[in-house]
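For the single chain, residues carry numbers from 1 onward in sequence order. Below, all heavy atoms of this structure are taken into account, side chains as well, without hydrogens, waters or symmetry copies.
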Amino acid sequence: MSQQTSSPVQAVEQKLKSGSKPVIDFDRFRPTRSSIRARKRHNVVMTGLVVFSFLIALVPLVSVLWVSISKGLKRLNWDFLTHNMAGVVGGNPTLTGGHGGILHAIIGTLEVTAGAMVISVPIGVMCAVFLVEYAAGGRIAKAIALLVDVMSGIPSIVAGLFAFSMFATIVGPGAVNGFSGSIALSLLMIPTVVKTSEDMLRVVPNDLREAAYALGVTKQRTITKIVLRTALPGIVSGVILAIARVIGETAPLLIASGFIVSTNFNLFSGRMTTLPVYVYNEYSQGLAVCGPGADPGCVASIRMERAWAAALVLIVIVLFLNLLGRLISKVFSVEEK
């Protein structure tokens with residue numbers, strides 16, 4: 001009988017039994033020139049696709065910024081920022097030489113958004129803490145998670161109708177104020193705050209919790225001093241994302257907060273104008289009438305110019321809030337050594 005040729009594995013086993021070190025031929029595992037060229041081609045193609053996708057994504061962003069800046073800077077000045085629409089008639093100039101402003105809309109936007117934050121941030125963060133730290137995997141947690149998912153898909157105008165109906169039931173028919181708008185926006189903010197906070201809390205390693213429990217720290221103190229402190233940058237980012245989600249809403253605020261041409265500082269009484277509602281109202285009215293008897297300084301396209309300038313101010317406010325959120329995250333983040 002002819003002697004059978006031993007396999008490479010059997011040869012290695014024989015050498016191990018005999019005490020000699022096996023010699024491994026690493027050259028067999030080296031990539032060939034064709035495979036190297038194929039890898040380079042694939043790398044070039046995928047890099048090109050990623051860069052092309054990035055450029056495509058920049059097109060709408062750059063176009064929106066360019067149109068807003070080019071059309072908004074024409075009317076954006078100090079008089080526009082420090083006056084409201086009281087006493088403005090058509091396209092005629094006011095006594096100060098301007099053509100109306102957005103002071104009342106800026107104050108309304110800041111107050112209504114701040115009221116929504118006061119309502120939604122504590123509720124959203126505490127709900128996330130309950131889902132992650134106390135009821136993880138339970139029936140209650142699954143039911144709450146389902147309700148949060150349902151709330152995230154509610155149309156914004158439904159939130160406005162709910163807030164208006166609630167105030168009409170409690171206060172009386174026709175109750176329209178800024179706080180009603182804050183409640184409408186909080187209904188839209190809570191799902192975003194809950195989901196982002198929940199994701200950030202789950203990222204916190206369990207070793208930190210176990211180390212705190214081993215030292216005798218209570219669960220409540222572990223959550224407030226360790227878990228929330230570690231997840232704070234992500235929670236702040238989620239809150240900023242929720243603010244950016246609702247600060248441009250128009251439909252719920254038209255119903256819940258209404259529109260007014262004068263400045264209202266009281267969030268709980270009277271109508272209150274926000275920047276999105278101001279932009280919608282100005283743009284929907286079209287051109288102003290500048291007939292033969294109009295003032296020499298009458299501007300027919302003043303409403304369009306005011307709308308674009310207000311939109312630019314809204315973009316600047318969102319940018320400032322994002323920068324503020326990054327600063328807060330950097331200040332309160334846990335330093336890694």
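- Hydrophobic clustering (ILVMFWY, side-chain heavy atoms < 4.5 Å, transitive): Ile243 and Ile315 are in distinct clusters.
- Between Ile255 and Gly160, the shortest heavy-atom distance links the atoms CG2-O, 3.9 Å.
- Contact of the Trp308 side chain with the Arg75 side chain is not registered, since no non-hydrogen atoms from C-beta on lie closer than 4.5 Å.
- The shortest non-hydrogen separation linking Val204 to Ala231 is CG2-CB, 4.0 Å.
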Let's go through Ile223 and Leu201 carefully: what are the C-alpha distance in whole Å and the side-chain angles of both, what is the deciding distance for side-chain contact (heavy atoms from CB on, under 4.5 Å) to 0.1 Å, and is it a yes or a no? CA-CA 10 Å; Ile223 294 173; Leu201 292 176; over 6 Å; no
Only pairs under 3.5 Å count here: list side-chain donor-acceptor contacts from residues 116-145, not counting sequence neighbours, and write none if there are none.
{"unit_1": "Ser120", "atom_1": "OG", "unit_2": "Ala116", "atom_2": "O", "d": "2.7"}
{"unit_1": "Glu133", "atom_1": "OE1", "unit_2": "Arg209", "atom_2": "NE", "d": "3.2"}
{"unit_1": "Glu133", "atom_1": "OE2", "unit_2": "Arg209", "atom_2": "NE", "d": "3.1"}
{"unit_1": "Glu133", "atom_1": "OE2", "unit_2": "Arg209", "atom_2": "NH2", "d": "2.8"}

Check step by step if side-chain contact (heavy atoms from CB on, under 4.5 Å) holds for Lys195 and Glu198. CA-CA 5 Å; Lys195 298 300 292 185; Glu198 183 181 359; 4.2 Å; yes
side-chain contact (heavy atoms from CB on, under 4.5 Å) assessment of Leu185 paired with Leu253: CA-CA 8 Å; Leu185 294 186; Leu253 298 181; 4.1 Å; yes
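- Using a 4.5 Å heavy-atom cutoff, the side chains of Phe268 and Asn177 are not in contact.
- What you find for Ala256 and Ala163 is that their closest heavy atoms are CB-CB, 4.4 Å.
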So Met304 and Tyr283, side-chain contact (heavy atoms from CB on, under 4.5 Å) or not? Walk me through it. CA-CA 6 Å; Met304 303 295 178; Tyr283 206 86; 3.5 Å; yes
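- Glu249 contributes atom CD, which lies 12.0 Å from atom OG of Ser257 (distance to the nearest 0.5 angstrom).
- In plain terms, the two heavy atoms of Tyr278 and Gly101 that are nearest each other are OH-O, 3.5 Å.
- For the pair Phe179 and Met272, the minimum side-chain heavy-atom distance is 4.5 Å or more.
- The distance from the CD1 atom of Ile260 to the OG1 atom of Thr273 is 6.5 Å, given to the nearest 0.5 Å.
- Judged by distance alone, with hydrogens and angles left aside, the side-chain atoms of Asn264 form a donor-acceptor pair with the main-chain N or O of Ser269 at under 3.5 Å.
- Heavy-atom contacts from other residues, nucleotides or ligands closer than 6.0 Å to NZ of Lys225 number 12 or fewer.
- No chain of hydrophobic side-chain contacts below 4.5 Å, direct or via other Ile, Leu, Val, Met, Phe, Trp or Tyr residues, connects Phe259 to Ile302.
- Expressed to the nearest 0.5 Å, how far OG of Ser237 lies from CG of Asp199 amounts to 12.5 Å.
- Leu110 and Phe265 are assigned to two separate hydrophobic clusters, defined by single-linkage of ILVMFWY side chains at heavy-atom distances under 4.5 Å.
- Remark: the backbone N or O of Val44 is not paired with any side-chain donor or acceptor of Thr47 at under 3.5 angstrom.
- With rounding to the nearest 0.5 Å, the separation of CG in Asn322 from CD1 in Ile240 is 6.0 Å.
- Leu103 is not listed as a side-chain neighbour of Leu81, based on a closest heavy-atom distance of 4.5 Å or more.
- Using a 4.5 Å heavy-atom cutoff, the side chains of Leu314 and Val279 are not in contact.
- For the residue pair Gly72 and Leu312, the shortest heavy atom distance occurs at C-CD2, 4.0 Å.
- The closest side-chain heavy-atom distance from Thr222 to Lys219 is not below 4.5 Å.
- The number of heavy atoms from other shown groups lying within 6.0 Å of CZ (Arg39) does not exceed 12.
- A heavy-atom distance below 4.5 Å is not found between the side chains of Thr196 and Ile235.
- Minimum heavy-atom separation, Ser156 to Leu188: CB-CD1, 3.8 Å.
- Both Phe164 and Ile154 are assigned to one and the same hydrophobic cluster, defined by single-linkage of ILVMFWY side chains at heavy-atom distances under 4.5 Å.
- Note: Leu321 CG to Arg326 CZ = 13.0 Å, rounded to the nearest 0.5 Å.
- Tested against His99, the residues Arg306, Met85, Glu305, His83 include a single side chain to side chain contact (heavy atoms under 4.5 Å, CB included) partner, Arg306.
- Using a 4.5 Å heavy-atom cutoff, the side chains of Asn84 and Val261 are not in contact.
- To the nearest 0.5 angstrom, Ile106 atom CD1 is 10.0 Å from Thr263 atom OG1.
- Under the 4.5 Å side-chain heavy-atom criterion for ILVMFWY residues, a single connected hydrophobic cluster contains both Val171 and Ile183.
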